[in-house]
Amino acid sequence: MKNRHSYGIMLLALLLCGSVSAKVTNYIGASANVGEWTMLPSGSKYTGSLGVAGGVGFVYELRAGAAYGTTQFLFDVGVGAWGGMTSFMQSADLSATLGDQEDLQGVKFDYVYELKGRKDRYNNIAAQVPLMVGFQHRRFYMLVGAKLNANVWTKTQTVATLNTYGDYTRYGQGEFRNMPEYQFFKDKSVKGGVQTNLNLDVDVSLEIGGRVGGIVTDAVGFDVPKDRVEYRLAAFVDYGLFDLHKQGSNPMLNITATYDTNPNSKDYVYNPDGKNESMIRPDRLIMNDIMSTTEFATAVKNLMVGLKFTILFRMPEPGKCVICRDAYGSSIGNSVRSGGVKYEE
C-alpha cells in the first residue's frame, strides 16, 4: 500500500513538473460558423426538421506546448450567439370536423376543414458559452467539450393549404365543394404563428480542422519567426443532451364552435374580394405549432453540423533575460547586467 502511495505521489509530481515547464501561450480571437440545424424528435411518428443556422463568438485560448510544430494542449472558453430556422414537414393530410350544423337553407351538414402541405418553422436566437479542450499538432487540431445554449427568443410560423367543404353524407346527400357563398374554399393559403420558448440545453461538441496558411515549424528560439495571427477552418457537430421542448397539451388544430354565414353577425367578415371568410379567420382557425401539441414526441434533441472559421491573435508575452544572475548569483530579473541579454519570443 505504501508503494502505491509513493508511485502515485511520484506520478503527480511528474505531471505538475511537466505542466510547469511546458511553454504557455495565450490567444484571443473571434469565430463564425454556419451549418444545418435539425431538431430530432424521439418517440414520435415525425422525422427530424431541416434548416440552417449561423453564429459568431469570441474566444480565449490557452496553449501548453514546447513549439509550434510539436503537439500542443488547447483549452478554449468563450461567449457567443447563434440564430437559425428549422422546419418540420407534415406529409399526411389533417382534418377537423364541425358537426351537426345548418347551412344557408337550414339543411343539416358537417363543415370540414382539410389541411395539406403543413410546415412548422421555428426561428430561434440563443446565447452560447463553449468550454472545449483538445490538441494541435502542426496544422491539424481537434477540440471536444460542451456548449451551454440559453435560448432567448423563439418564434413559430405554421403554413398550410386549406380546403373546406360541406359533408351532407350522413344527412342523405353528398359532398359540396368550392362554393365560397357557403364558405367552402379550395386551396386557400393559411398561416399562423406564436411567440414561444425552448428549454435550456447543453450540447456535446466535436470540432476537427486545421490551420490555414501561416508558419509551421519544429524550430525553437527567439529568432524563429512565429505567426501573431492564425486562421483555422474546421468541421463541427453539436448534439444536445437535454429535451428542448415542453410537452404540450394542444390539439393540432383549433376550430370555431359554430358555423356562421349570417351577414348580420359580428363574425361575418368580408375579405377585399367581397367574400365571407369568417370561418377561416385566424382567431377561429388556429394551427398550434407542432411541438406544443399532444403526442408529438417524448423528447426533442438538438443537432447542428457545419463549418467554423476562427481567427486568433497571439497575446503579448513578457520579455525574458538570457542571463538572469550576476557574478554573485543574485537574481536581477529582466534588467540587463553582467552581459545579460533581453529578448522576446
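FYI, the numbering just counts along the sequence from 1. Predicted, not measured: the structure shown is a model, and the values here were computed from it.
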Would [X] and [Y] count as having a side-chain donor-acceptor pair, cut-off 3.5 Å?
X	Y	value
N199	K246	yes
N124	T154	yes
T256	R284	yes

Answer with yes or no whether the hydrophobic clustering places [X] together with [Y]; edges join I, L, V, M, F, W, Y residues whose side-chain heavy atoms lie under 4.5 Å apart.
X	Y	answer
I28	V77	yes
V237	L50	no
L40	M89	no
L62	L143	no
M252	L285	yes

Quiz item: Looking at Y231, is R211 sitting on its ring face, NZ or CZ under 6.0 Å from the six-membered ring centre and within 45 degrees of the normal?
Solution: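 Checked: cation-pi criterion not met.
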
Exercise. Could you tell me which residues satisfy side chain to side chain contact (heavy atoms under 4.5 Å, CB included) with Q247, sequence neighbours excluded, listed by chain and number?
Key: H245

Side-chain contact test, heavy atoms from C-beta onward, threshold under 4.5 Å: evaluate it for [X] versus [Y] and give yes or no.
X	Y	result
K188	N163	no
L241	V204	yes
F88	K119	no
L198	M291	yes
R228	F313	no

About how many Å separate [atom2] of [Y] and [atom1] of [X], when rounded to the nearest 0.5 Å?
X	Y	atom1	atom2	answer
M39	M304	CE	CE	10.0 Å
N33	L307	CG	CG	9.0 Å
T258	M279	OG1	CE	7.0 Å
N254	D283	CG	CG	11.5 Å
Y27	T310	OH	OG1	13.5 Å
L115	L94	CG	CG	5.5 Å

Exercise. Verify side-chain contact (heavy atoms from CB on, under 4.5 Å) between V159 and R118, making sure each step is shown before the conclusion.
Key: CA-CA 6 Å; V159 296; R118 174 170 168 157; over 6 Å; no

Is the [atom1] atom of [X] crowded by more than 12 outside heavy atoms at less than 6.0 Å?
X	atom1	value
K186	NZ	no
M85	CE	no
K191	NZ	no

Quiz item: D203 and N302: side chain to side chain donor-acceptor pair (under 3.5 Å), yes or no, with the steps?
Solution: CA-CA 8 Å; D203 291 346; N302 184 64; 3.2 Å; yes

Quiz prompt | Residues D289, Y122; criterion side chain to side chain donor-acceptor pair (under 3.5 Å); working and verdict | solution = CA-CA 9 Å; D289 70 282; Y122 290 82; 2.8 Å; yes

Quiz item: Within the distance-only criterion (no hydrogens, no angle test), does the side chain of N288 pair as donor or acceptor with the backbone N or O of P251 below 3.5 angstrom?
Solution: yes

Quiz item: Is there a donor-acceptor pair closer than 3.5 Å between any side-chain N or O of T293 and the backbone N or O of N250?
Solution: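 Not a single qualifying donor-acceptor pair exists.
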
Self-check item: Check against side chain to side chain donor-acceptor pair (under 3.5 Å), Q136 and R232
Solution: CA-CA 11 Å; Q136 176 171 277; R232 286 177 176 167; 3.2 Å; yes

Taking the inter-plane angle between the rings of [X] and [Y] on a 0 to 90° scale, is it parallel (under 30°), tilted (30 to 60°) or perpendicular (over 60°)?
X	Y	value
Y168	F176	perpendicular
Y259	F109	perpendicular
F184	Y182	parallel
W82	W37	perpendicular

Using 4.0 Å as the upper bound for N to carboxylate O, is an ion pair formed by [Y] and [X]?
X	Y	answer
E295	K45	no
D187	K116	yes
R177	E175	yes
R314	E61	no

Shortest non-hydrogen separation from [X] to [Y] and the atoms involved:
X	Y	answer
D167	V112	CB-CG2, 4.0 Å
S49	T86	OG-OG1, 2.6 Å
F236	V34	CE2-O, 4.1 Å
P41	G48	CD-CA, 3.7 Å
S205	M132	OG-CE, 3.6 Å
T156	T196	CG2-CG2, 3.5 Å

Quiz item: In chain order, what residues pass the side-chain hydrogen bond (donor to acceptor under 3.5 Å, both in side chains) check against Y239, with sequence neighbours excluded?
Solution: none

Quiz prompt | For Y46, all residues meeting ring pair (Phe, Tyr, Trp, His ring centres under 6.0 Å), sequence neighbours excluded | solution =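 Result, ring pair (Phe, Tyr, Trp, His ring centres under 6.0 Å) vs Y46: F296.
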
Exercise. Could you check D238, D76, D201 and say which one makes a salt bridge (charged side-chain N to carboxylate O under 4.0 Å, His left out) with K147?
Key: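 So, applying the salt bridge (charged side-chain N to carboxylate O under 4.0 Å, His left out) to K147 and each of D238, D76, D201, only D238 qualifies.
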
Quiz prompt | Worked check of side-chain contact (heavy atoms from CB on, under 4.5 Å) between Q101 and D110 | solution = CA-CA 6 Å; Q101 302 298 302; D110 297 331; over 6 Å; no

Quiz item: Under the side chain to side chain donor-acceptor pair (under 3.5 Å) criterion, do T38 and E36 qualify, and how do the steps go?
Solution: CA-CA 7 Å; T38 295; E36 200 282 327; 2.6 Å; yes

Exercise. Start with the C-alpha distance between Y111 and Y113, add both sets of side-chain angles, then the distance that settles ring pair (Phe, Tyr, Trp, His ring centres under 6.0 Å), and finish with yes or no.
Key: CA-CA 7 Å; Y111 190 90; Y113 294 90; 5.1 Å; yes

